[in-house]
Amino acid sequence: MLSSLMSGDIEGFIIRLVLTLPIVLISLSVHETAHGYVAYKLGDPTAYNLGRLSLNPIKHLDPLGTLSMILFGFGWAKPVPINTRYFRKPKRDMALTGVAGPVSNILLAVFFALLLKATIFIFGFVTLTEFTSQLYYWLWVFFSLGVQLNVTLAVFNFIPVPPLDGSRVLFVFLPSSAYFKIMRYEKYIYLVFLVALAIGLLDTPINIMSDFIIKLIDAAVF
């Protein structure tokens, strides 16, 4: 059900494009707010002091990451600043802060899936006219996109490349000296990553993992 979203005809493409933007704004805002909130609860007030504990998308959006998500279905926001000096257990707390963003998107994907299930259930009792058929289609596309984009955003951000969340989780498994040596080359790694993204090297692994998680959500909800 969730993995069969129509996108072949022109009308479907236009609807997808129009509906993608609000989902991107919601998803990225929830993602970054989750990072900031968990860091705040673990003792780091940096994001709070900078006003990043907010669902206002303007505070979080990275232009390139937002455009990437609209065009390709995966992207990133402006990273929430984290100061590990406030953490009692820096490695553990850094990992928890990093995981919070993708987990929030998985939960948001489940929420969209439940809304989709409710829509299908409700419209099962509605007499379908031209108007109600169009309304049903738009809602179905919107909620399906909500699932797909949030799952893909979660999978994408788990890639262990700075500034993505996976690099924060990587901090747990590497000696501190090795981790900070890698971070010295963050800008260069990021450039190589963007090239790989642009030429499509990451498409297949991201899509495989995203499809797997979507099928799990599909099986759990439907």
Side-chain angles (χ1 to χ4, degrees), residues 1-35 37 54-62 65-77 99-158 165 202-222:
M1 176 66 72
L2 298 177
S3 59
S4 62
L5 179 61
M6 292 186 297
S7 59
D9 57 74
I10 295 177
E11 180 185 2
F13 173 77
I14 293 174
I15 291 175
R16 181 186 178 98
L17 191 61
V18 170
L19 296 185
T20 293
L21 182 57
I23 295 172
V24 168
L25 296 178
I26 293 169
S27 303
L28 292 178
S29 298
V30 168
H31 181 103
E32 292 304 321
T33 300
H35 283 315
Y37 178 76
S54 170
L55 293 178
N56 180 357
I58 296 175
K59 293 181 178 292
H60 304 296
L61 296 188
D62 176 279
T66 302
L67 181 61
S68 175
M69 189 160 179
I70 291 173
L71 295 178
F72 306 115
F74 45 82
W76 58 93
V99 166
V103 169
S104 73
N105 288 121
I106 295 296
L107 294 176
L108 194 54
V110 173
F111 177 68
F112 274 115
L114 291 172
L115 290 176
L116 177 58
K117 182 177 182 179
T119 298
I120 295 172
F121 176 78
I122 291 170
F123 275 86
F125 298 95
V126 174
T127 301
L128 293 181
T129 63
E130 182 176 354
F131 171 76
T132 55
S133 295
Q134 286 296 314
L135 178 60
Y136 173 69
Y137 173 68
W138 278 65
L139 290 172
W140 188 85
V141 171
F142 183 77
F143 296 142
S144 296
L145 280 171
V147 175
Q148 292 180 338
L149 289 175
N150 273 282
V151 169
T152 306
L153 180 63
V155 170
F156 177 77
N157 275 278
F158 262 128
D165 303 324
L202 301 177
D203 291 359
T204 298
I206 289 174
N207 289 336
I208 290 174
M209 183 57 67
S210 297
D211 288 344
F212 175 73
I213 295 175
I214 288 173
K215 287 177 181 177
L216 291 180
I217 294 175
D218 197 347
V221 172
F222 293 92

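Residues: numbered from 1 along the sequence shown. Values below: all heavy atoms of this structure, side chains included; hydrogens, waters and symmetry mates excluded.
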One pair to check against side-chain contact (heavy atoms from CB on, under 4.5 Å): L145 and F112. What are the steps and the verdict?
CA-CA 9 Å; L145 280 171; F112 274 115; over 6 Å; no
Apply side-chain contact (heavy atoms from CB on, under 4.5 Å) to L107 and V30, showing your working.
CA-CA 10 Å; L107 294 176; V30 168; over 6 Å; no
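One finds the CG atom of L108 at 7.5 Å from the CD1 atom of I26 (value rounded to the nearest 0.5 Å). Taken to the nearest 0.5 Å, the CG atom of D218 stands 13.5 Å off from the CD1 atom of I213. With rounding to the nearest 0.5 angstrom, the CG atom of L55 is 6.5 Å from the OG atom of S29. Q148 contributes atom CD, which lies 10.0 Å from atom CG of N207 (distance to the nearest 0.5 angstrom). Between I214 atom CD1 and T152 atom OG1 the span is 5.5 Å, to the nearest 0.5 Å. Y137 OH to L128 CG: the interatomic distance, rounded to the nearest 0.5 Å, is 15.0 Å.
In this structure the side chain of S27 never reaches within 4.5 angstrom of the side chain of E32, judged on heavy atoms. Inter-residue side-chain proximity for L114 and F143 is flagged as unmet; no heavy-atom pair is nearer than 4.5 Å. Counting heavy atoms from C-beta on, the side chains of L135 and V126 never come closer than 4.5 Å. Between F142 and I23, the closest side-chain pair of non-hydrogen atoms falls below 4.5 Å. A heavy-atom distance below 4.5 Å is not found between the side chains of N150 and F111. Taking the side chain as every heavy atom from C-beta outward, S144 and L116 approach each other to under 4.5 Å.
Scanning all heavy atoms of the two residues, the minimum distance from A109 to V151 falls at CB-CG2, 3.7 Å. Closest non-hydrogen pair, P102 versus N157, comes out as CG-CB, 4.3 Å. Here the closest non-hydrogen pair linking K117 and V221 is NZ-O, 2.9 Å. Taking both residues in full, the closest heavy atoms of N105 and A154 are given as CB-CB, 4.1 Å, listed atom of the first, atom of the second, then distance.
In this structure, T33 contributes its side chain and S54 its backbone to a donor-acceptor pair below 3.5 Å. Not one N or O on the side chain of S133 forms a donor-acceptor pair closer than 3.5 Å with the backbone of E130. With hydrogens and angles ignored, the 3.5 Å screen pairs a side-chain donor or acceptor of T132 with a backbone N or O of T129.
For Y136, the OH atom is densely surrounded, since the number of other residues' heavy atoms within 6.0 Å is greater than 12. Annotation for Y37: atom OH does not count as buried by contact number, only 12 or fewer foreign heavy atoms lying within 6.0 Å.
In the model, D165 has a side-chain atom that pairs as donor or acceptor with a side-chain atom of H31 under 3.5 Å.
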